[in-house]
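Working notes, structure below.
Note that these values count all heavy atoms, side chains included, but never hydrogens, waters or copies made by symmetry. For ligands, and for the atoms within them, numbers begin at 1 and follow the listed sequence.
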Amino acid sequence: MRCDVPWSGVRGHDRVVAELRRVVAGGRLPHAMLFVGPEGVGKRRFAQALAQALLCGRSSLARLESCGACDDCRQVEAGVHPDLLRVARGASQHELPIQAIRDVCHELTLKPMRGGWRVAIVEDAESLSEEAANAFLKTLEEPPAGSVVILIGVTAEQLLETVVSRCRVVRFEPLADEELAAILLDLGVAEDLEQAVQWARRGEGSVTRALGLADPALDRFRRTMVERLASEGGFDAGKMAQEVETFAREAGKESAAQRDRVRLLAGELARFYRGVLWQSAGLEPPCPDPSDREAAKRLAARLETDRVVELAERCLEADYHVVRRANLGLVIEAWMADLARLGSGST
Ligand SMILES: [Zn+2]
């Protein structure tokens with residue numbers, strides 16, 4: 001059920017709030033938690049809200065709420081609270097630096113500056129190297145009194161079992177369309193409810209994804225690609241790779257922005273190929289753009305189902321490599337070459 005008043009600005013995760021409140025009411029606040037769930041559903045926002053509830057100078061732990069107005073709350077929001085530690089992977093880093101983990105472990109042993117808790121939020125948990133994870137184990141096993149560690153990742157499967165087994169795993173679901181639409185309206189990015197709902201459906205439960213897909217340039221490029229992928233004569237993989245690279249660079253100088261754009265594109269093409277499978281099964285594909293249906297029909301008539309599955313998987317694989325920060329140009333080149341080969345029906 002949707003909560004009209006979001007918990008500390010967090011929407012769509014009432015079930016998780018209720019779960020944590022139950023645990024806290026039982027006097028068993030977990031000292032090491034692992035938040036998992038799709039990207040862009042609000043796990044970071046939730047972790048911050050939880051830290052705020054713990055650090056708020058005016059609220060008791062039993063209520064698991066924050067006032068939002070005291071010095072502690074304001075400092076958490078501004079990212080400057082002395083008892084809130086944050087670790088995330090830098091834009092150019094493949095892994096979380098082991099030294100950052102060692103520093104967090106050390107700082108958690110110190111007395112809180114404000115007399116309450118010390119909270120550490122560790123993002124990108126799947127990029128903990130084995131060495132960094134090992135350095136973390138003792139703290140996760142026996143966190144110093146008054147400390148709470150929140151790890152944030154996408155799936156527990158991508159993490160070392162030794163880390164997962166020491167944490168309480170808290171699962172976040174994709175946001176419901178109505179919640180996502182409400183968030184898009186709150187953010188002021190959608191003009192009206194109808195547009196918010198449309199973008200929310202395409203966002204598949206992720207705010208990040210919905211915002212990225214609201215970019216008209218991405219929509220135009222996606223359309224062009226879909227047409228080429230479905231064209232009878234195939235396409236020139238080298239030329240297409242160059243176009244995708246140029247399109248990625250147009251997202252900005254930051255490599256993170258370029259990667260995000262390629263990931264959105266990969267997700268959209270995977271969705272298109274899934275639409276082709278629907279078409280093959282005689283169903284109406286849930287395509288965001290009606291003109292995709294024509295393209296899906298043409299491909300469904302030409303390719304075996306297994307081949308379409310391979311094509312969709314190849315897009316997800318490209319996404320995986322982009323997340324792992326492989327060389328973007330090489331990922332795109334290999335990806336386009338495979339789409340051209342698999343899409344032509346040859347082996
Ligand atoms: Zn407060």
(message) With no hydrogens and no angle check, just 3.5 Å: does a side-chain donor-acceptor pair link Q279 and R274?
(response) no

(request) For D319 and A266, work out which heavy atoms get closest and say how close. (result) CB-CB, 4.2 Å

(message) Under a plain distance cut-off of 3.5 Å, with no hydrogens placed, do Q48 and R86 share a side-chain donor-acceptor pair?
(response) yes

(request) Output, by chain and residue number, all protein N/O/S atoms separated from the Zn ion (ligand 1) by less than 2.8 Å. (result) C56 SG, C67 SG, C70 SG, C73 SG

(request) Could you check whether the rings of F172 and F46 sit parallel, tilted or perpendicular, using 30° and 60° as the cut-offs? (result) perpendicular

(request) Determine which pairs satisfy ring pair (Phe, Tyr, Trp, His ring centres under 6.0 Å) with at least one residue from residues 236-267, sequence neighbours left out, and list them in order. (result) F221-F247

(request) Report yes or no: do D103 and Q99 form a side-chain donor-acceptor pair below 3.5 Å? (result) yes

